[in-house]
Amino acid sequence: MLEVQGKRRYNGGIYLVLRESNMTRRRLVVGNWKMNGDHASSQKLLAEIVAGLPADTKTDVGVCPPAVYIAGLAATAAGRVHLGAQNVADQDAGAFTGEISAPMLKDIGCSLALVGHSERRAIYGETDALVAARYAKAIGHGVTPILCVGETLEERESDRTFKVIDDQIDAVMATSGVGSLRQAVIAYEPVWAIGTGRTASAEQAQEVHAYIRSKIAALDADVASTLQILYGGSVKADNAAALFSQPDVDGGLIGGASLDAASFLAICLAP
Ligand code: 13P
């Protein structure tokens with residue numbers, strides 16, 4: 001159940017600040033390995049993560065290895081860690097050199113796929129429209145998309161954070177509809193916090209997470225109340241607990257610290 005806790009002004013308008021009165025969302029922590037490691041190190045890292053996860057953990061855990069290693073990691077994941085891809089094609093099959101489709105991911109036991117990571121947007125020119133098309137394919141084939149959104153430092157400093165997030169989410173809502181979020185996850189990753197060691201404060205993260213939830217609640221309060229919203233950007237063992245304790249932060253998307261089993265496990269097991 002979402003309750004209205006207050007109102008905030010933004011861009012000439014007003015949005016509602018909502019509070020969850022009945023927390024039902026599970027925590028989710030996903031490691032994004034990016035383009036790192038090799039066959040042997042991937043196996044070792046995942047085996048250590050699986051071995052270190054207590055059987056009764058209340059946190060769902062996933063990793064997104066480089067695509068070539070995913071299939072070979074299914075046995076090591078042992079059903080205890082979800083496997084995810086770092087991207088997914090906007091097409092099902094055909095002459096799309098270099099792309100990997102949602103049916104292919106499904107075929108090898110991959111249940112998650114990042115879409116719209118800021119490195120894809122900034123380095124490879126992925127637009128909001130392309131990200132929305134990729135998201136739609138993941139949804140259509142039962143692969144859970146983790147839709148990454150977030151602003152650059154320049155956008156934050158010019159007070160455009162919410163506008164950027166609006167555009168990134170609106171493109172997806174226009175193609176797939178708010179109901180698709182029942183099968184999806186959103187990750188807020190401020191670009192200025194990725195790989196920089198400069199984490200958003202827990203309050204900065206909460207402010208944007210609350211904004212995202214209220215935005216979705218305006219479309220469908222029920223969907224908003226169950227939507228998992230992850231924070232990503234220099235999450236480490238020593239700041240995870242503060243970030244995850246925020247009411248609208250439901251877990252994390254972890255880059256650098258997910259490449260070390262002990263650090264990643266400490267984040268997964270943060271109180
Ligand atoms: P870092 O944790 O290395 O900042 O990366 C975050 C990220 O991009 C996860 O997708």
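Only heavy atoms go into these numbers, but all of them, side chains included; no hydrogens, no water, no symmetry mates. Atoms within each ligand, like the ligands themselves, are counted from 1 in listed order. Note that this is a predicted model, so its numbers are computed, not measured.
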State whether the side chain of Thr199 and the backbone N or O of Ser234 hold a donor-acceptor pair below 3.5 Å, judged by distance alone. yes

[X] and [Y]: side-chain donor and acceptor closer than 3.5 Å?
X: Asp248; Y: Gln206; value: yes
X: Gln228; Y: Asp60; value: no
X: Thr161; Y: Tyr211; value: no

Within the 4.5 Å heavy-atom criterion, are Glu119 and Lys34 side-chain neighbours or not? yes

Identify all pairs of nitrogen or oxygen atoms, one from ligand 1 and one from the protein, separated by less than 3.5 Å, and list them with distances.
unit_1: ligand 1; atom_1: 2 (O); unit_2: Ser234; atom_2: N; d: 3.4
unit_1: ligand 1; atom_1: 2 (O); unit_2: Gly255; atom_2: N; d: 2.9
unit_1: ligand 1; atom_1: 3 (O); unit_2: Gly256; atom_2: N; d: 2.8
unit_1: ligand 1; atom_1: 4 (O); unit_2: Gly195; atom_2: N; d: 2.7
unit_1: ligand 1; atom_1: 4 (O); unit_2: Ser234; atom_2: N; d: 2.7
unit_1: ligand 1; atom_1: 5 (O); unit_2: Lys34; atom_2: NZ; d: 3.4
unit_1: ligand 1; atom_1: 8 (O); unit_2: Lys34; atom_2: NZ; d: 2.8
unit_1: ligand 1; atom_1: 8 (O); unit_2: His117; atom_2: NE2; d: 2.8
unit_1: ligand 1; atom_1: 10 (O); unit_2: Asn32; atom_2: ND2; d: 3.0
unit_1: ligand 1; atom_1: 10 (O); unit_2: His117; atom_2: NE2; d: 2.9
unit_1: ligand 1; atom_1: 10 (O); unit_2: Glu189; atom_2: OE1; d: 3.2
unit_1: ligand 1; atom_1: 10 (O); unit_2: Glu189; atom_2: OE2; d: 2.9

Among residues two or more places apart or on two chains, list those pairs meeting side chain to side chain donor-acceptor pair (under 3.5 Å) that have a residue in residues 96-110. Glu99-Arg134

